[in-house]
S.K.: 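Take this structure first; my questions come after.
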Amino acid sequence: MSFRAILRTKPAFAAPSFRPVAFGAVRFASGGAHSHETESYESFNSRYQTFFSSVGDLFELQRGLNNCFAYDLVPSTEVIDAALRASRKVNDYATAVRILEGVKEKVENKGQYQAYLDELKPTIEELGITTSEQLYGKN
């Protein structure tokens with residue numbers, strides 16, 4: 001048998017063919033997707049009310065709002081009140097209006113949104129915030 005013939009023949013046993021394994025993203029160090037996964041609604045509201053009460057600049061406020069509104073729940077009126085006051089504290093009127101728009105998107109119906117506006121009315125009037133409905137005449 002020639003050298004070429006030996007190269008063309010199949011070996012008696014085939015080496016296993018390895019295919020790369022597709023890995024999903026795994027975060028071992030974080031303890032889960034959120035470090036507050038088992039947090040109660042009351043502790044969530046307390047944490048964000050404290051956070052917004054101590055906000056020092058616009059970036060910090062917007063970061064907190066992004067995190068707060070990312071959860072699958074609607075923050076309490078106390079949290080929204082603290083966020084509105086923080087937006088006026090850092091002198092960003094547009095963010096105050098957007099906070100109310102965020103609440104409108106998070107609630108299940110117009111009645112719940114109106115209940116939030118009714119409860120927040122003293123704060124909204126005190127801070128001179130206009131809702132987007134008042135600005136644009138939409139519902």
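Throughout, numbering of the chain's residues begins at 1 and tracks the sequence.
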S.K.: Suppose we screen for ring-ring contact (aromatic ring centres under 6.0 Å, His included). Which residues come up paired with F69, at least two apart in sequence or across chains?
M.R.: none
S.K.: Are I99 and F59 linked, directly or through other ILVMFWY residues, by side chains that come within less than 4.5 angstrom of each other?
M.R.: no
S.K.: Grab the two heavy atoms, one from V74 and one from Y41, that are nearest each other, plus how far apart they are.
M.R.: O-OH, 2.8 Å
S.K.: For residues D57 and V55, report the shortest heavy-atom separation together with the two atoms involved.
M.R.: O-CG1, 3.4 Å
S.K.: Should the heavy atoms of other residues, nucleotides or ligands under 6.0 Å from CG of N109 be counted, would the total exceed 12?
M.R.: yes
S.K.: Suppose we screen for salt bridge (Lys or Arg N to Asp or Glu O under 4.0 Å). Which residues come up paired with E126, at least two apart in sequence or across chains?
M.R.: R85
S.K.: Check whether any side-chain heavy atom of L65 sits under 4.5 Å from a side-chain heavy atom of F52, and report yes or no.
M.R.: yes
S.K.: Of all heavy-atom pairs between C68 and V79, which one has the smallest distance, and what is that distance?
M.R.: SG-CG1, 4.1 Å
S.K.: Test of understanding: with side-chain hydrogen bond (donor to acceptor under 3.5 Å, both in side chains), list the residues that count as partners of S43, not counting sequence neighbours.
M.R.: S40
S.K.: Give a yes or no answer on whether the side chain of D81 reaches the backbone of T77 with a donor-acceptor pair at less than 3.5 Å.
M.R.: no
S.K.: What is the distance from atom OG of S76 to atom CD of E42, rounded to the nearest 0.5 Å?
M.R.: 9.5 Å
S.K.: So, taking the atom named CD in E39 and the one named OG in S46, what distance separates them when rounded to the nearest 0.5 Å?
M.R.: 9.0 Å
S.K.: Restricting to side-chain contact (heavy atoms from CB on, under 4.5 Å), what partner residues turn up for L117, sequence neighbours left out?
M.R.: L100, Y113, Q114, I124, T131
S.K.: Kindly write out the residues that satisfy side-chain hydrogen bond (donor to acceptor under 3.5 Å, both in side chains) with Y93, not counting sequence neighbours, or none if the list is empty.
M.R.: T130
S.K.: Name all residues meeting the side-chain hydrogen bond (donor to acceptor under 3.5 Å, both in side chains) criterion together with E60; count only those two or more places apart in sequence or in a different chain, and write none if there are none.
M.R.: none
S.K.: Can you get from L135 to I129 by hopping between Ile, Leu, Val, Met, Phe, Trp and Tyr side chains that sit under 4.5 Å apart?
M.R.: yes
S.K.: Hey, what do you get for CG (L61) to NZ (K89), rounding to the nearest 0.5 Å?
M.R.: 10.0 Å
S.K.: What class does the angle between the rings of Y48 and F51 fall in, given that below 30° is parallel, 30 to 60° is tilted and above 60° is perpendicular?
M.R.: perpendicular
S.K.: Applying salt bridge (Lys or Arg N to Asp or Glu O under 4.0 Å), can you list everything that pairs with E101, at least two apart in sequence or on another chain?
M.R.: R98
S.K.: For R63, give me all partners under side-chain hydrogen bond (donor to acceptor under 3.5 Å, both in side chains), at least two apart in sequence or on another chain.
M.R.: none
S.K.: Using every non-hydrogen atom in the two residues, find where L84 and A96 come nearest and quote the distance to one decimal.
M.R.: CD2-O, 3.4 Å
S.K.: Would you find more than 12 non-hydrogen atoms of other residues, nucleotides or ligands less than 6.0 Å from E78 atom CD?
M.R.: yes
S.K.: side-chain contact (heavy atoms from CB on, under 4.5 Å) with D92: which residues, sequence neighbours excluded?
M.R.: L58, Q62, V90, A94, T95
